[in-house]
Amino acid sequence: MNYPRLNGLVAATYTPMTDEGKLNLSQVAPMVDYLIEQAVSGLYVCGTTGEGTSLTTGERQAVLESYFDTAAGRLPVVVQVGHNCVDESCRLAEAAQRLGVAAVSANAPSYFRPASLDDLIGLIARIAAAAPELPFYYYHIPAMTGTRFDMVELLRQGSQKIPNLAGIKYSDPFVPDFQACMALDDGRFDILWGCDEMWLAAMATGARGAVGSTYNIAAAGHLEIIEAFEAGDMDRARQKQLESVELVRTVARYPFHSAMKQILTMMGFDFGPCRLPQRRLTDDEVRSLRADLEQLGFFDR
C-alpha cells in the first residue's frame, strides 16, 4: 500500500514527569505548541527518547492521548509500541488505531531477542496486524535492542507478510544499508533517519525524513541544514551539521536523556527527571552542562 511520507524533522518527544517520577502531562501542550512554532513536521511518541520502555501500558496510552489531543491534527503523531511483552505491544497498537494516529512503530524486544530474521518478521507482523489500518514502521535501533539483521531483507521479506509495512525508523549509523533500504523497489518504502548528528550524510543519500531527540531543542539548526543542502551551499550545510555534532557531543558527556530533559527545563519546560534506571543529573552536573552550552552559544541561537 502507498502511505503518505513523513518528510522533514519528526521530534522524538520526551515524557514530562514530576520530581517523584509521575507523569506530568500538563507540560505536553506548551511543548507541542513550541515544536509546531519551530516547524517540526511530526511527533514520535514513547520511543527511546520518551522512555516508553520505562512506562506502564496505561501510562503509555495516557502520554499518547495527551500528545495526540494537543496536536489536534496540526501535525502527524506516530507512536512506538515496542515492548518485551508482545501482547502489550498489540494492546498499544490497537489503542493507537482507535485513537486515529498517523502510524505505529515498534522495536524488537530487548530481553528475549528474535533469534533470526524470520522470527523478527513474525513478531512485527503480529504487532502490525493489531493495527491493520495504520502504516507500520519497524524501529531499527540495534544499539539498544541488540537485534541486528539485514534491513533490506526485512523490507523485502516482511512486505510479503505485513500488508501495512510502510518503512523503517533507522536509528543506526550504517549509511550504506540505509541507502540500500531507500533504493529498494524504486524507493517503495519510507526510511526515516534516526541519527541527528549525521543528518547531512543521510540527506546526501536521499533522505528526506528524520526522527530525533535534539529536534526538541535545536530544530532550527537542522532545518538550516536542509535549507543549505537544497540551495547547494555545502559549506553552510557542513557548518550547521558541525553545530549539531558539537551539541550531541556536549550532551553525551552526561547521562544523555537526563541532560536533554534538563536542557528543556533551562528552556522553560518543566519535564522533570528521567525515570529509573536512568538517573537525574547532580547539581554540579547541571551547572557544568549550562556552562558547556553557554560556551557553545546554544542559548544565543
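Just the heavy atoms: all of them, side chains too, but no hydrogens, waters or symmetry mates, feed the values below. Since this is a predicted model, take the numbers as computed values, not measurements.
- Rounding to the nearest 0.5 Å places CG of L23 at 7.5 Å from OG1 of T56.
- Separating the CE atom in M234 from the CD1 atom in I225 is a distance of 10.0 Å, to the nearest 0.5 Å.
- Here the OG1 atom belonging to T13 is positioned 11.0 Å from the CD atom belonging to Q80, to the nearest 0.5 angstrom.
- Annotation: D185, atom CG; neighbour count of heavy atoms from other residues, nucleotides and ligands within 6.0 Å is above 12.
- Residues that satisfy the side-chain hydrogen bond (donor to acceptor under 3.5 Å, both in side chains) test with S288, not counting sequence neighbours, are Y254.
- For the pair S41 (side chain) and L9 (backbone), a donor-acceptor distance under 3.5 Å is present.
- Of the options E51, H257, K261, a side-chain hydrogen bond (donor to acceptor under 3.5 Å, both in side chains) to Y14 is made by H257 and by none of the others.
- Annotation: ring pair (Phe, Tyr, Trp, His ring centres under 6.0 Å) contacts involving residues 37-87, sequence neighbours excluded, comprise Y44-Y139.
- Across every non-hydrogen atom of V32 and T70, the tightest pair is CB-CG2, 3.7 Å.
- Put simply, the side chain of D196 gets close to the backbone of T214: a donor and an acceptor are under 3.5 Å apart.
- No side-chain heavy atom of L64 sits under 4.5 Å from any side-chain heavy atom of L92.
- D87 is linked by a side-chain hydrogen bond (donor to acceptor under 3.5 Å, both in side chains) to R126, counting only residues two or more places apart in sequence or in another chain.
- Between F269 and F271, the angle of the ring planes goes over 60°, which puts this pair in the perpendicular group of the 30/60° scheme.
- Considering all non-hydrogen atoms of both residues, R113 and T145 come closest at NE-O, 3.1 Å.
- Put simply, the side chain of D172 never gets that close to the backbone of H140: no donor and acceptor are under 3.5 Å apart.
- Within 6.0 Å of CZ on R74 lie more than 12 heavy atoms contributed by other residues, nucleotides or ligands.
- With hydrogens and angles disregarded, a donor-acceptor distance shorter than 3.5 Å links the side chain of Q241 to the backbone of L200.
- Counted within 6.0 Å of CE on M144, heavy atoms from surrounding residues, nucleotides or ligands total 12 or fewer; the atom is thus considered open.
- Applying the side chain to side chain donor-acceptor pair (under 3.5 Å) test to every pair with at least one member in residues 272-281, sequence neighbours left out, gives these pairs: E59-R275, R279-E285.
- At least one side-chain heavy atom of L120 sits less than 4.5 Å from a side-chain heavy atom of I124.
- Between atom CD1 of residue I36 and atom CG of residue L75 there is a gap of 5.0 Å, rounded to the nearest 0.5 Å.
- Pairs engaging residues 150-159 under the side chain to side chain donor-acceptor pair (under 3.5 Å) rule: E153-R156, E153-Q157 [sequence neighbours left out].
- Residues R91 and E94 are not paired through a salt bridge, judged by the lack of any N-O separation under 4.0 Å between the basic side chain and the carboxylate.
- Applying the ring pair (Phe, Tyr, Trp, His ring centres under 6.0 Å) definition to pairs two or more places apart or across chains, those involving residues 193-225 are F178-W193, Y215-H222.
- At a cut-off of 3.5 Å, with distance as the only test, a side-chain donor of Y170 or D177 sits close to an acceptor on the other residue.
- Inter-residue side-chain proximity for V63 and L25 is flagged as met; some heavy-atom pair is nearer than 4.5 Å.
- Listed here is the closest heavy atom pair of L281 and Q262: CD1-CB, 4.1 Å.
- With salt bridges taken as basic N to acidic carboxylate O contacts below 4.0 Å, one links R236 and E224.
- Interatomic distance, R238 CZ to E243 CD, rounded to the nearest 0.5 Å: 14.0 Å.
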